[in-house]
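To keep things clear, I will list the structure first and then write my remarks on it.
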Amino acid sequence: MTLHTMGMDFCHDFAIDRPNGSGDSLILIFKTPAIIMLNNNTIHAPSGSAVVYSPEYHQRYGADGAEYINHWVHFGCDADD
């Protein structure tokens, strides 16, 4: 695995919508409630939830309330990983 970038306890004031993914794998750990769109379904993810995106998967998520904090890791890996 190759670590590209990461952040811990990041406060954001935006919603992400990457229709073609980020080009690498992404792990998100939500520290506050979040809304995630997966397969055209809205999921209300409580604090402590996590999601892993593959490189080309549509990433659409953001705050489920006034505050949004998460940990995130962008990384790459071989097919064998």
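Atom NE2 of His71 is separated from atom CG of Leu28 by 11.0 Å, given to the nearest 0.5 angstrom. Rounding to the nearest 0.5 angstrom, the gap separating the CG atom in Asp24 from the CG atom in Leu3 is 10.0 Å. For the atom pair Cys11 SG and Tyr68 OH, the distance stands at 11.0 Å (nearest 0.5 Å). Note: Leu38 CG to Arg60 CZ = 11.0 Å, rounded to the nearest 0.5 Å. Between Asn20 atom CG and His58 atom NE2 the span is 8.5 Å, to the nearest 0.5 Å. One distance of note links OG1 of Thr5 with CG of Leu26; it measures 10.5 Å at 0.5 Å rounding.
For Ser49 (side chain) and Phe30 (main-chain N/O), no donor-acceptor pair under 3.5 Å exists by modelled atom type. Checking side-chain atoms of Ser47 against main-chain N and O of Lys31 turns up a donor-acceptor pair under 3.5 Å.
Between His74 and Trp72, the ring planes are perpendicular. Angles over 60° get that label, and only those under 30° would be called parallel.
At a threshold of 4.5 Å between non-hydrogen side-chain atoms, the residues Phe10 and Asn70 count as touching. Counting heavy atoms from C-beta outward, Pro55 and Ser25 have side chains that approach closer than 4.5 Å.
If you chain together hydrophobic residues whose side chains sit under 4.5 Å apart, Val51 and Ile43 fall into the same group. Put simply, Tyr61 and Ile69 are part of two different groups of oily side chains (I, L, V, M, F, W, Y) that touch within less than 4.5 Å, one to the next.
Residues Gln59 and Ser22 approach most closely at NE2-OG, 3.1 Å, considering heavy atoms.
Enclosure of atom CG in Asn40 is not indicated, since only 12 or fewer non-hydrogen atoms of other residues, nucleotides or ligands lie within 6.0 angstrom.
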